[in-house]
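To find a chain, count down the sequence lines: A is the first, B the second, and so on, and within it residues start at 1. These values consider heavy atoms only, across backbone and side chains, with no hydrogens, waters or symmetry-generated copies.
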Protein chains: 2
Amino acid sequence: MDTSIRQPTAEHPANVTSHDVARAAGVSQSTVSRVLRGDPRVAAATRERVLAAVDAMGYVPSDVGRSLSTRSTRSIAIVVTDLSNVFYPYLIAPLHQETSAQNYRMVLFTEEVEPLVEGNQSQAPAGEDEISPLLDRLLNRSMDGVILTTSRLDSSVPKVLSRRGMPFVFLTRLVEGVAADSAVVDNSLGASLATSEALRLGHQRFGAIFGPSDTSTGRDRERGTRAALAAAGVELPDRMVRHSPFTYQSGYRAMVDLMAENPRPTVVICANDLVAIGAFNATNTLGLRVPDDVSIVGFDDLPMAAWQVFDLTTVRQPMEEMAKTAVRLLIDRIEGRTESSATRQIVFEPQLVMRGTLAPPPAGGATETARSDPPAQQLTTSP
Amino acid sequence: MDTSIRQPTAEHPANVTSHDVARAAGVSQSTVSRVLRGDPRVAAATRERVLAAVDAMGYVPSDVGRSLSTRSTRSIAIVVTDLSNVFYPYLIAPLHQETSAQNYRMVLFTEEVEPLVEGNQSQAPAGEDEISPLLDRLLNRSMDGVILTTSRLDSSVPKVLSRRGMPFVFLTRLVEGVAADSAVVDNSLGASLATSEALRLGHQRFGAIFGPSDTSTGRDRERGTRAALAAAGVELPDRMVRHSPFTYQSGYRAMVDLMAENPRPTVVICANDLVAIGAFNATNTLGLRVPDDVSIVGFDDLPMAAWQVFDLTTVRQPMEEMAKTAVRLLIDRIEGRTESSATRQIVFEPQLVMRGTLAPPPAGGATETARSDPPAQQLTTSP
DNA sequence: ACAGCTTGTGCATACGTAGTCAAGAGTTCT
DNA sequence: AGAACTCTTGACTACGTATGCACAAGCTGT
């Protein structure tokens, strides 16, 4: 009959548990649990009484208690690198939408560039993994599964997750040599679509700002572009190529750099939209007009690609659909709806979105700066 | 001596617990716990033995077990509305950085517009709160605290959190009538800075695209602009004012609409950068030049405001600092470092960032479309 | 040599929920 | 009327970690 056996920690006043509700309703804790889980084996009258007590006391079941008991946290980890990249919101929004719809929670993690700690316990026992802070947080059973969106090709994370039997899915980027479900666009095809269209419009002098070679997106888009050029017998000399991170700044700088080449390219294929927009702004600074002086092509089709001032020709990848697919693949696996052996690789079709930044090359193909030089200087175009 | 009493659920193969480690190391579970928590009262030799077992078995402590025991989850909820708004990455990135640095986890939630469920249990017992799905997830003790970034002024969430004793902080936007820590910029001052500068440059015919009136940011920025204009005796007729959500699209549309007014404003004060960029793009479509034909001012100073093509004059709010401050305020409160009575309202200084979109009005003050009309038509400028 | 202290360790329990098992009360069937 | 059932409920335990308490062993000082 005492009001409370457990002292309520005084910190969070009303820390009502199912035991408290049970006592108030004059039933056992099991019955409270059954009522709340919707178990049919409860008499209607009892159910009413319990629900009344729940309401009166403002009881909210503890998720932690439930997780411990069910060994499921209904939480999904999203691992990204550069959170401030404008690319992410368009991935995170649909990810959140889908996880939420499936009654899962979404937790963000960033994969720090692993700083290769000095051989602390380098002689770890056979079969053991180095547990980085990130891996620790993914493996401490607070997460039911993981979505990897930004793995570099050499990341150890997927390997460890795989070895530990932690469900995970690749989204956007892949890491090879690890069997896992994935949702990606055909990056190589996308890049070749854009490149082929530029060729069709008559471009012969290509420039490219490719992404980092240690990402599958960077590498595959580069491959697609090179393949399309090779098929057309058009060369892409090294001096027309830059590699840079997927950022505005690096796109800007690479473009300034490329435009100093002589003769300069008539079209520049960019690693993604953000890089392309950086490049676009560089042309603005340099006093060059797009597409009159130089054409630009992006990749992703972010909403801002369609903004009037850019009107960027780009390759669309269905990010929303990809994100939602990734969540579904993952939850299927978490909830055991996937035969554990086979992995599912979902590859989406890219689509070329024609807008205003890709047009035929300037008439004559000569550039302004090239005018003062003898034409076809370093050009080795095969006809 | 039996290898395992508990059958390992067969689902996640290696589900090693501290008991397993203890058995392997020949110590008690308590000792394992103490070693891992860094408790000094453990003999060096024992510590070694335990750590060796931990390594060999790849043991990772269960966060759920720990949370249940410590009644702390080290998780912070971030509540936002429109996740795909480009504004958020610049908030989320520093939030994540700081939570991560303080060894907390960051979980994203969205506040759906509460659909006002039909009076289900409208006669809830006195003092009881309607628990929406969001509130349920915030109150189920899986979160140590909450950062509210987008509350509309009429949101019930802060009130309920407050009544339940759940620590929370307002970031960017406020809700009045609820005592809570907050980190916001002085929106009113910021807007008046921008407006005053436009006045100083000679503008007399103002237009404004204000934000939603049910947000503190929208309302306060509107107030600041109106106050500055009133102080200068300059009118802001209703036909020169639009209210719209904080989005690109709505900025674009409102600007098209405003530019059809006759005479049209010589400067348009925008609710934030995204709206301003929408407005900027609209001028582009309409064939108007910025700032030659019309000046535009934003608010926020997103990185893209500095992009060459925009070069947007705007009011900077230190989002990174604000975000990190919010996290610190919250963690102080969670960890009981704040006297529970007093709340801390941190107000940051806005700063006008002069760039290229704000300049003196067109010479003569007459606009092209106004040329066909008698000048000073509806103008009631006091000298 | 003995009281008192320090150090190191294990035992037992709390945290809040889910779910297993058993038991009591009623019901139906033969 | 007794057997077999169904329905409803409570007692109990598992989940994995942290920690208060007790206790054993070693150590110090007089």
Side-chain angles (χ1 to χ4, degrees), chain A residues 4-9 11-12 14-50 54 57 59-74 136 139-142 144, chain B residues 4-12 14-50 54 57 59-74 136 139-144:
Chain A
S4 73
I5 284 274
R6 76 200 74 233
Q7 58 236 66
T9 60
E11 193 176 22
H12 295 299
N15 219 333
V16 185
T17 75
S18 54
H19 287 96
D20 301 327
V21 174
R23 206 175 317 135
V27 298
S28 74
Q29 180 267 332
S30 325
T31 299
V32 175
S33 174
R34 278 192 281 257
V35 168
L36 271 77
R37 317 258 10 266
D39 191 312
R41 307 171 306 168
V42 179
T46 310
R47 182 187 317 278
E48 291 310 314
R49 207 147 28 97
V50 169
V54 164
M57 309 177 75
Y59 168 66
V60 177
S62 155
D63 212 61
V64 178
R66 173 178 297 158
S67 289
L68 188 59
S69 186
T70 61
R71 268 176 302 292
S72 143
T73 62
R74 299 201 78 83
D136 183 290
L139 292 172
N140 65 12
R141 271 154 291 172
S142 61
D144 287 355
Chain B
S4 75
I5 284 276
R6 77 199 75 233
Q7 57 236 67
T9 64
E11 193 176 22
H12 295 298
N15 220 332
V16 185
T17 76
S18 55
H19 286 96
D20 301 328
V21 174
R23 206 175 315 136
V27 298
S28 75
Q29 180 266 332
S30 328
T31 299
V32 174
S33 174
R34 279 192 279 259
V35 168
L36 270 77
R37 316 258 12 263
D39 192 312
R41 309 170 305 169
V42 179
T46 311
R47 184 187 314 279
E48 291 308 316
R49 207 144 32 93
V50 169
V54 164
M57 309 175 76
Y59 169 66
V60 176
S62 156
D63 212 61
V64 178
R66 172 177 299 158
S67 289
L68 187 59
S69 186
T70 60
R71 267 175 303 291
S72 142
T73 63
R74 299 201 79 83
D136 184 290
L139 291 171
N140 64 13
R141 272 155 292 172
S142 61
M143 296 293 130
D144 287 354

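One interatomic measurement links the two molecules: CZ of B:Arg47 to C1' of C:dG8, which rounds to 11 Å at whole-angstrom precision. Atom-to-atom, CZ of A:Arg41 to P of C:dG26 comes out at 20 Å; the value is rounded to the nearest Å. Computed from coordinates, the A:Arg71 CZ to D:dA14 C1' distance equals 8 Å when rounded to whole Å. One atom, CZ of B:Arg66, and another, P of D:dC15, lie 19 Å apart when rounded to the nearest Å. A:Asp63 has its CG atom 15 Å from the C1' atom of D:dC15, to the nearest Å. When the P atom of C:dC21 is taken as reference, atom CG of A:Asp39 falls 15 Å away, rounded to whole Å. C:dA18 atom P lies 11 Å from atom CG of A:Leu68, rounded to whole Å. The CG atom of A:Asn140 sits 19 Å away from the P atom of D:dC15 (whole-angstrom rounding).
At a threshold of 4.0 angstrom between heavy atoms, the contacts of A:Val27 are confined to the sugar-phosphate backbone, with no base atom among them. When heavy atoms are screened at a 4.0 angstrom cut-off, A:Val42 is found touching the sugar-phosphate backbone but no base atom. Contacts of B:Thr46 with the nucleic acid, taken as non-hydrogen atoms under 4.0 Å apart, involve only primed sugar atoms and P, OP1 or OP2.
Counting all heavy atoms, side chain and backbone alike, B:Tyr59 lies closest to B:Leu36 at CE2-CD2, 3.5 Å. The two residues A:Asn140 and B:Pro61 have their closest heavy-atom pair at CB-O, 3.2 Å. Nearest heavy-atom pair, A:Val50 versus A:Val21, reported as atom, atom and distance to 0.1 Å: O-CG1, 4.2 Å. Minimum interatomic distance between A:Ser67 and A:Ser72 (heavy atoms only, all atoms of both residues): OG-O, 3.2 Å.
If you check residues 28-38 of chain A against DNA chain C, the residues with a heavy atom closer than 4.0 Å are A:Gln29, A:Ser30, A:Ser33, A:Arg34, A:Arg37, listed by number.
Under 4.0 angstrom from either OP1 or OP2 of D:dG16 there lies no side-chain N or O belonging to B:Ser69.
With hydrogens and angles ignored, the 3.5 Å screen pairs no side-chain donor or acceptor of B:Ser69 with any backbone N or O of B:Gly65. B:Thr73 places a side-chain N or O within 3.5 Å of a backbone atom of B:Ser142 that can act as its donor or acceptor partner.
Between B:Arg37 and B:Asp39 there is no salt bridge, since none of the side-chain N atoms of the basic residue sits less than 4.0 Å from a carboxylate O of the acidic one.
Out of D:dA18, C:dT9, D:dA14, the shortest distance to the side chain of B:Thr70 is found at D:dA18.
B:Ser33 and B:Ser30 share no side-chain donor-acceptor pair at under 3.5 Å.
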Does B:Asp63 form a side chain to side chain contact (heavy atoms under 4.5 Å, CB included) with B:Arg74? I'd like the steps, not just the answer.
CA-CA 9 Å; B:Asp63 212 61; B:Arg74 299 201 79 83; over 6 Å; no
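Rounded to 10 degrees, the angle separating the terminal axes of the helix from C:dA1-D:dT30 to C:dT30-D:dA1 is 40°, with each axis obtained from five end pairs.
The residue among A:Pro40 and B:Pro61 whose nearest nucleotide of DNA chain D is located toward the 5' end is A:Pro40.
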